[in-house]
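All values derive from a computational prediction rather than experimental measurement.
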Amino acid sequence: MSRQVHDAAEVIIGNLSEDGYLIASDDELMGVAPPASPEADVATAKSIVSEAAALGLAEGLEDAEH
């Protein structure tokens, strides 16, 4: 696990209420790691769609990509 993922997980887990709800503000959460570039977002989205397709969960998503 990368240091950034570890730090983000620590902040999220540390900001859960007793009922399991996230109580941190967007500003608090954004202070953990810089926002991803649009290119990184596209690569992540493609990876998620590919994984979903491999699991048979992306039926109909292939059409939405094009």
Residues in side chain to side chain contact (heavy atoms under 4.5 Å, CB included) with Ile12, at least two apart?
Leu22, Leu29
What residues form a side chain to side chain donor-acceptor pair (under 3.5 Å) with Ser2, not counting sequence neighbours?
none
How long is the span from the NZ atom in Lys46 to the CD atom in Glu51, to the nearest 0.5 Å?
14.5 Å
Just how far is it from atom OG1 of Thr44 to atom CD of Glu39, taken to the nearest 0.5 Å?
11.5 Å
Taking Ala43's backbone N and O only, do any of them form a donor-acceptor pair with Ser47's side chain (distance below 3.5 Å, no angle check)?
no
Side chain to side chain contact (heavy atoms under 4.5 Å, CB included) partners for Ser17, two or more places apart:
Asp19, Tyr21, Ile23
